[in-house]
Every structure is written in structure tokens, then in C-alpha cells.
S.K.: 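Structure below; questions to follow.
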Protein chains: 2
Amino acid sequence: MNRKSRHNTEGKLSAKRPYHHGDLRRALLDAGRELLEEKGADGFSLRACALRAGVSHAAPAHHFKDMKALFTALATEAFDLFGQALADARDESLTPKQQIVTSFRAYLGFARAHPAWFKLMFDSARLEWHDEVLKEAGAKAYEQLSLLSKPFIDSSGKPAPLIEMLVWSLPHGVAHLELAGQIGCDYAPISDQWLEDYLKLTAELLDRL
Amino acid sequence: MNRKSRHNTEGKLSAKRPYHHGDLRRALLDAGRELLEEKGADGFSLRACALRAGVSHAAPAHHFKDMKALFTALATEAFDLFGQALADARDESLTPKQQIVTSFRAYLGFARAHPAWFKLMFDSARLEWHDEVLKEAGAKAYEQLSLLSKPFIDSSGKPAPLIEMLVWSLPHGVAHLELAGQIGCDYAPISDQWLEDYLKLTAELLDRL
DNA sequence: AAGGAAAACTTGACAGTGACAAGATAAAAT
DNA sequence: ATTTTATCTTGTCACTGTCAAGTTTTCCTT
């Protein structure tokens, strides 16, 4: 996995990378992430991605059979980081209500910090959901939501899926609506203060379950 | 606006449509709607749309300057029908709580009945939100949500935007998650009974505001 | 009714796309 | 050292959106 080839000390490509990239898969994912943020999923191009990674237009095919496969790999990384962000937001010393505020803030924070990734994670048409790795990353992130919901499931005695969807919808609804441009621009403006009020309100509601 | 040209009684195109379509804009919107449902927004093609409408590949340009413009027009129609669906769900004889159940059912019903339209409505990258007609259609639909929220704004004394976003998030979150394939397939299965339970739960929550 | 302007639709072209095939090169395995 | 395999390249294909230029119809003015 050395980045420089030991052969080809002065190859025909003057002062350029060796024929073999070393870790093209990684480079493509990095380039893809950048392009996704810059151009969005529309406007994304495999060829531009290959160019940015410094390889020819057909090189990606050896690491991702499809554009869908590349997107799937990108979404997998996104779910990993998303799940990690939610896990980091957990604090056993908090009350369930306080935990909601903290976790929802992390949920919305991730969506704002990585809008392209967030959109991709829920863009079913571009992803290969049969992929086991993606499924696992998604399930792991969902686990955090499940953990977050548990106190309210126990106290209310209602079915877990019901409460989990409620807990999921509350941050996801605003997150998606904001990224869709439905919040902030027109209709109602959104401020940091507004967001905090929303978090507090949702926590209160769940606490009254 | 007559559909058949009065001239060209036996034109060179044997038994075919006249040179002028009559209402190509309408035909393109209809064909576009079908294609959107069949192929999704990815996989959609202007040329395929033109072909289905029975015109040449460059004909759409005279009615929609862009692909974005066509999508914008389609989304406008979608918002119109969406707003109408929400308006139809209104019933002055219902209590605010009952009205929530009814309207949320309509919200989710629309998303399920017209998934392609619903996705397009919130696909900001594909739409031209500077378009006044689209903005107006969106605002009109939002008005229904505003109307639905009013009783809870009054009774709780909380800021309107806050409650409106809460009321919006509750059905929108599930709707989007379901269309994103996050509900139903993996994780928690979703049934009609589940949906009704969810509606009832959200209505109770809002009633306790 | 006639003729000129405008609108609606056509064909043709261009650069860019994802995907595939076949060849070149480097690394790994034997 | 030789063969096999993985990696990357060039070349090509059908298809895309958009623009330009030409053709056909309708509309507007007189």
C-alpha cells in the first residue's frame, strides 16, 4: 500500500504519479465527497470525479462497478459519521428529556454541516440498499435513535416502532424541510434561537408522553 | 386553441398530427408526469418526454427554457393538487385534534399516491424557487398547514412559526422517511394500522400542547 | 384578402455523460 | 523467471441537454 511505485523511477510521465495510484478507492471517495458538496448529486459526474482523483475516466470502474455503487459507498461513510455524531451526543448523566435536546441538536447539526451527505443518505433512487455494508451502517445509526427512544417507550408503554418513528420524525422533518429550502428562505425565517426553541418544545412533548 | 389545424387537411405527414401540436405545453406536462412516475427524476429525460408527447427532441425548448423549468412547472401542479388535497381534508365540524388526524392522513396519503410528485416538490436542486408561480403554489399549500396549526397556536400561546414547523414535521418526517425507503422495508415494518396509531398519537401530543 | 411578423416545430450539431471493450503496465503469485 | 492477476489507459458507443438554423403554421396589420 505504498503510495510511490518503486519501479518507474523516471517513467514516461514526467514528474507525475506512478501508473498505479496506491489507494484510488480512497481518493475517489474523497474526490466524490468534495464534488458532491460542490455540485450536488445532480451535476455530479464520474468523469469529473476521476479527473479530480488524477486518473482516467474509466479508472473508477475497477473500484465501483457503477455510479450507484460509488454513491452507496459514500452514503455508507456518511451513515458511519452520522451514527458516530449521534453516539457522541449521548451522555448518560442527562435526563431523557435533556438527551432529546442534545441528540436532536446533533441530528440537525449534522444535516447542516454535511447537507450533501445528508441528502444522499435519504436519496433512495441513487443508493443500492441491497448492499450489506450500507444496510449495516444505516442500522447502526438507527440504533442510536432506538436508544434515544427507549426511556419514552418504557414510560409510555407504547409500541417501540411507534415511538421511534415519532422521535425520528421530529428532527428529520425539520432537517429535510430546511435542506429542501422550505424553511429559512420563504415562509418562516429560522434562527439559532428558533432552533433551540424547537428542540425544547419537542423534548417537552415527548416528556409528556 | 383548437387541437386540429384547419389548414393542412391532407399534409405530407400521412395520418399524423399537424405541424402545430395545439397544446404541447399540456402534453409535455402530462408526459413528464408519467415519465417521472416511471423512471424517477433521475432517469428522466427531456428527449424521452418529447418523444412521448409526439414531438421532436428540441420542441420542449419553446415551452420550457430548461429541464429545470419543466420540473418547476410539474412541481407547481403538484403543489396545487397537494394544497387541494389538504383543503379537501378540512372539515369545520371536526375538533382541532380530529382535524389533525384527518389532515395528516391526507398528507401521507398524497405522498403515497404521488411519490414522484412529492419527492420533486422537495427536491430543491431541481426546482427554480425564484419562479413566482411555484412560490405561490407552495405558499398556498403552506397556508393549509398554517390553518391547521392555528388552534394550537392560540391555545398554547407559542409563536406561530414554531408550532407550524412542529405540525409540518410530524407528517413530513414519516412521509419522507417512507419514500426514502427507511420505513417499511428494513427496521420497523409499517402497516395501515400502524399509520392510524401514529396519527392518533401525534394528534394527542399536539392536543396536550 | 394579402403579406409580413411572430410563434411553433423541425433537423442538425456539439460537448459532455456512463458504460463497455480491449490494450498497456505494474504487482503478485508460482 | 514466468505466468497470472489487478490496476489503469485509450477508444468507442449510445444517449443526454442545449444551442443554431431552417421550415411550417398562425397571427396581426393593412
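Proteins get letters first, then strands, A, B, ... in listed order; numbering begins at 1 in each. No hydrogens, no waters, no symmetry mates; every other heavy atom, side chains included, goes into these values.
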S.K.: Looking at side-chain heavy atoms only, is the closest gap between A/Phe110 and A/Leu86 below 4.5 Å?
M.R.: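 A side-chain contact is absent here, since even the closest heavy-atom pair is not under 4.5 Å.
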S.K.: Rounding to a whole Å, what distance do you find between A/Lys39:NZ and C/dG16:P?
M.R.: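 Result: 12 Å.
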S.K.: Starting from C1' on D/dC8, measure out to CG on A/Leu24 and report it in whole angstrom.
M.R.: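 After rounding, the reported distance stands at 8 Å.
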S.K.: Nearest whole angstrom, please: distance from the P of D/dT7 to the CG of A/Leu28.
M.R.: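 A/Leu28 atom CG is separated from D/dT7 atom P by 12 Å.
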S.K.: Between A/Leu51 (CG) and D/dC8 (C1'), how many Å, whole number?
M.R.: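 So the CG-C1' distance, A/Leu51 to D/dC8, works out to 15 Å.
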S.K.: Taking CG from B/Asp66 and P from D/dT16, how many angstroms apart are they, rounded to a whole number?
M.R.: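 So the two atoms are 17 Å apart, to the nearest Å.
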S.K.: Are A/Tyr142 and A/Trp168 an aromatic pair, judged by ring center distance below 6.0 Å?
M.R.: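 A/Trp168 vs A/Tyr142: aromatic centres under 6.0 Å.
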S.K.: Counting heavy atoms from C-beta on, name the nucleotide in C/dT17, C/dC9, C/dA19 closest to the side chain of A/Ser45.
M.R.: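 Nearest nucleotide to the side chain: C/dT17.
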S.K.: Counting side-chain heavy atoms from C-beta on, which of C/dC9, C/dT10, C/dA19 comes nearest to A/Leu46?
M.R.: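 The listed nucleotide nearest to A/Leu46's side chain is C/dA19.
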S.K.: Please pick, from C/dA19, D/dA20, D/dT9, the nucleotide with the shortest atom-to-atom distance to any side-chain atom of B/Ala58.
M.R.: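 Given the options C/dA19, D/dA20, D/dT9, the side chain of B/Ala58 is closest to D/dA20.
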S.K.: What's the NZ-P distance between B/Lys68 and D/dT18, to the nearest Å?
M.R.: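 Distance, rounded to whole Å: 11 Å.
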S.K.: Should the side chain of B/His57 and the base of C/dG12 be counted as holding a donor-acceptor pair, with the cut-off at 3.5 Å?
M.R.: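 When only heavy-atom distances are counted, B/His57 does reach the base of C/dG12 through a donor-acceptor pair under 3.5 Å.
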S.K.: Name the closest nucleotide to the A/His63 side chain, picking from D/dT10, D/dT7, C/dT10.
M.R.: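 The nucleotide sitting nearest to the side chain is D/dT7.
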S.K.: Whole Å only: how far is the CG atom of B/Leu35 from the P atom of D/dT16?
M.R.: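 Between P of D/dT16 and CG of B/Leu35: 11 Å.
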S.K.: Tell me the interatomic distance from A/His62, atom NE2, to C/dG23, atom P, rounded to whole angstroms.
M.R.: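 Computing the A/His62:NE2 to C/dG23:P distance gives 14 Å.
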S.K.: Could you tell me if B/Gln193 and B/Asp197 have a donor-acceptor pair between their side chains, going purely by distance under 3.5 Å?
M.R.: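 The criterion, which ignores hydrogens and geometry beyond distance, is satisfied for B/Gln193 and B/Asp197.
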S.K.: Looking at every heavy atom in both B/Lys68 and B/Ala125, which two are closest together, and how far apart are they?
M.R.: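 What the structure gives for the nearest pair is CE-O, 3.5 Å.
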S.K.: With DNA chain C as reference, determine whether B/Arg25 or A/Phe44 sits nearer its 5' end, using the nearest nucleotide of each.
M.R.: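 Per heavy-atom nearest nucleotide, the more 5' residue is B/Arg25.
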S.K.: Under the 3.5 Å rule, do the base of C/dG18 and the side chain of A/Arg47 count as making a donor-acceptor pair?
M.R.: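 Side chain to base: pair present.
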S.K.: Ignoring hydrogens and angles, tell me if any N or O in the side chain of B/Tyr198 forms a donor-acceptor pair with the backbone of B/Leu170 under 3.5 Å.
M.R.: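 Checked: pair present.
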